[in-house]
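The block underneath contains the structure these notes are about, expressed in structure tokens.
Keep in mind the model is a prediction, meaning the values are calculated, not measured.
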Amino acid sequence: MSQIVLSDTEALKSDGTKIFKSNNPVTVYDTAGPYSDSQHTHSVRKGIERIRGEWNEKRKDIALFNPPSDKPLAKIVYPIQSPVFEAKDGKQITQMYYAKRRIITPEMEYVAIRENQQVEAMGLKSYITPDFVRKEIVSGRAIIPSNINHPEVEPMIIGRRFLVKINTNINPCGLHVDEEVKQMIRCCRWGTDTMIDLSSQTDCHLTREWLIRNCPVPMGTSPLYQALARAGGKPEQLNWEIFRETLIEQARQGVDFMTVHAAMRRKYLLMTSNRLVNLVSRSGIILSEWMNVHKQENFLYTHFDEICEILKAYDVALFLCSGLRPDAIYDANDHAHISELTEMRHLIEIARDQYVQTIAEGPGHVPLHKIEANTKEHLYICKGIPFFTMGMNITDIAGIYSFIASAIGSAQIAWHGASLISNDSLALLNGNAIRASIIAHKIAAHAADLAKGHPGAQVRDNALCKARCEGRMNDIQQLTIDFH
């Protein structure tokens, strides 16, 4: 959290003398980690403080991983030496497992404090307690993405009863590592709650290591991209063994959540033939080509149990993604998309049985009047688990301003139940455009929090309006969402 200290209000007494009334400081949610501290000195080569390191040291259910010398992954030498942990044999270590055992973890307590933003000090009530957090995780309605190998992350929670969060896609493009980390830091400062690394190079694990060791927010990946690179860039050369090795490597690096398109079944591909736009998801296109060449079922579906086994050993959250999500208003809420959602329901049950924290991807392009119905359908089919949207565009004509269309739709769908929103084209934008998109989606998220009546959501709005009426220009600047 950060605290915005406000100046005093000037008033006149009846005799004309000035009096000064103090204004309470405003506490706001902060995603910048140590980078918002003016006294912080940062070294990319050392990484940021491992705030969860002490928590890991006290745990009895994890062990240091010592790779066999004959394994390929053992030869990877990372720039910052960080211990690698995994669950001990026969042990469960996910936040969902602890929650079902009635254990309140340090992560649960941390996010409860963080979500409340000290509203009780202002006389406001909040239902968000550590035990409430635990119960939401038990029900599957919330997740805390926090890989045990990312001790630098500041725990955060994604769920309907909590603040709406935003995601930013990043795509390291071969710049010097210092520049890649600086861009990541800027996104944290601007307000992103999570990041998805869309790297698709064979050696992208090295850059990702730099990013994770310096990243205070949860970092996600689409492991299929790196697996494809290892298969020579040819979808037909992909196989389960390549994907499995990629999954394990990224989990040991500290990736907090992974996007997996396991619900995209072969039998649903023909349902897209009548679409205006066939497939937009890159992973969906890759898997579609693989299934058509091999005439086999999606290997992510057939090996889903094994995927869950890997993820739970590091407490990596599962993002069940939609390879068939619509990319045109004309195709919104079509049979292919709903069929894939129905398949997700089955996979969610499997993931829950293995205590894997799970979130599902919602629609792409949907007109405003269909958003509420789509959200209700999604929440019902997917058993109320959190869902996120990549580019919730409510029109197809926005062009380079698609982030505005996305922010409009995102505010609406977050009000109705989405927990994480994002603009799917961020990886293609320049720095200024990325900032504009992040801020647009932060405004959308805040608008949804106001509509949902989140505890203390209106405190900042009230403080800004009071400062505006009293002409306190510095306070107005400090309270505006894009000031920092």
Side-chain angles (χ1 to χ4, degrees), residues 96 136-145 156-169 193-194 196 218 220 222 256-264 280-281 283-284 311 316-327 332-334 336-352 356-366 368 370-394 406-407 409-424 441 444-445 448-449 451-452 454:
M96 175 173 276
E136 288 295 288
I137 293 173
V138 167
S139 69
R141 290 190 297 265
I143 67 168
I144 299 177
M156 53 84 72
I157 193 163
I158 302 172
R160 290 179 65 191
R161 302 295 300 277
F162 304 97
L163 291 166
V164 176
K165 308 303 191 301
I166 75 163
N167 174 72
T168 301
N169 294 339
D193 294 284
T194 65
I196 297 181
S222 183
D256 298 289
F257 60 92
M258 297 187 191
T259 65
V260 179
H261 297 68
M264 185 180 173
V280 61
S281 164
S283 293
L311 298 185
V316 178
L318 169 67
F319 274 42
L320 270 177
C321 283
S322 172
L324 301 177
R325 72 178 188 271
D327 192 47
N333 297 5
D334 70 350
H337 176 62
I338 299 300
S339 296
E340 189 180 28
L341 278 183
T342 304
E343 200 66 55
M344 285 185 188
R345 182 185 180 92
H346 167 62
L347 298 179
I348 289 165
E349 292 173 353
I350 296 174
R352 280 184 175 179
V356 176
Q357 299 186 90
T358 309
I359 181 171
E361 183 176 16
H365 292 220
V366 179
L368 277 174
K370 291 185 178 182
I371 287 178
E372 183 175 6
N374 185 289
T375 305
K376 288 180 179 178
E377 187 78 2
H378 189 288
L379 290 170
Y380 172 74
I381 292 175
C382 293
K383 295 177 171 286
I385 72 167
F387 81 94
F388 69 103
T389 59
M390 291 287 184
M392 185 57 220
N393 287 353
I394 40 80
S406 174
S410 294
Q412 186 87 351
I413 201 166
W415 173 29
H416 290 301
S419 303
L420 179 66
I421 58 179
S422 176
N423 180 12
D424 62 350
H441 285 79
D449 290 332
K452 293 193 304 178
H454 188 278

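- Residues passing the ring-ring contact (aromatic ring centres under 6.0 Å, His included) test with F257, sequence neighbours excluded: F319.
- For L324 against E340, the heavy-atom pair with the smallest separation is N-OE1, 3.0 Å.
- Legend: residues meeting side chain to side chain donor-acceptor pair (under 3.5 Å) with S139, ordered by chain and number and at least two apart, are R141.
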>> Show, in sequence, the C-alpha distance, side-chain angles and deciding distance for I371 and I394, and conclude whether the side-chain contact (heavy atoms from CB on, under 4.5 Å) test is met.
In response: CA-CA 9 Å; I371 287 178; I394 40 80; 3.7 Å; yes
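- A donor-acceptor pair under 3.5 Å links the side-chain atoms of Q357 to the main chain of I144, judged by distance alone.
- Partners of K383 according to the side chain to side chain donor-acceptor pair (under 3.5 Å) rule, which considers only residues two or more places apart in sequence or in another chain, are E349.
- Shown here are the side chain to side chain donor-acceptor pair (under 3.5 Å) partners of T194, two or more places apart in sequence or in another chain: N167.
- A donor-acceptor contact shorter than 3.5 Å links the side chain of N393 to the backbone of S406.
- In this structure, D193 contributes its side chain and I166 its backbone to a donor-acceptor pair below 3.5 Å.
- Counting only distance, with no hydrogens or angles, the side chain of R345 and the backbone of Y380 share a donor-acceptor pair below 3.5 Å.
- Between the T358 side chain and the V356 main chain, a donor and an acceptor come within less than 3.5 Å of each other.
- Using modelled atom types, no side-chain atom of T389 and backbone atom of P363 make a donor-acceptor pair closer than 3.5 Å.
- Between S281 and R325, the shortest heavy-atom distance links the atoms CB-NH1, 3.6 Å.
- With sequence neighbours excluded, the residues that form a salt bridge (Lys or Arg N to Asp or Glu O under 4.0 Å) with D334 are R275.
- The two residues C321 and F388 make their nearest non-hydrogen contact at SG-CZ, 3.6 Å.
- Side-chain atoms of H378 come within 3.5 Å of backbone N or O of E361 as a donor-acceptor pair.
- For E343, the salt bridge (Lys or Arg N to Asp or Glu O under 4.0 Å) test picks out R265, with sequence neighbours left out.
- Under a 3.5 Å cut-off, the side chain of K452 and the backbone N or O of L163 do not form any donor-acceptor pair.
- With D327 contributing its side chain and G364 its backbone, the two residues share no donor-acceptor pair below 3.5 Å.
- Between S322 and H337, the shortest heavy-atom contact is OG-ND1, 3.8 Å.
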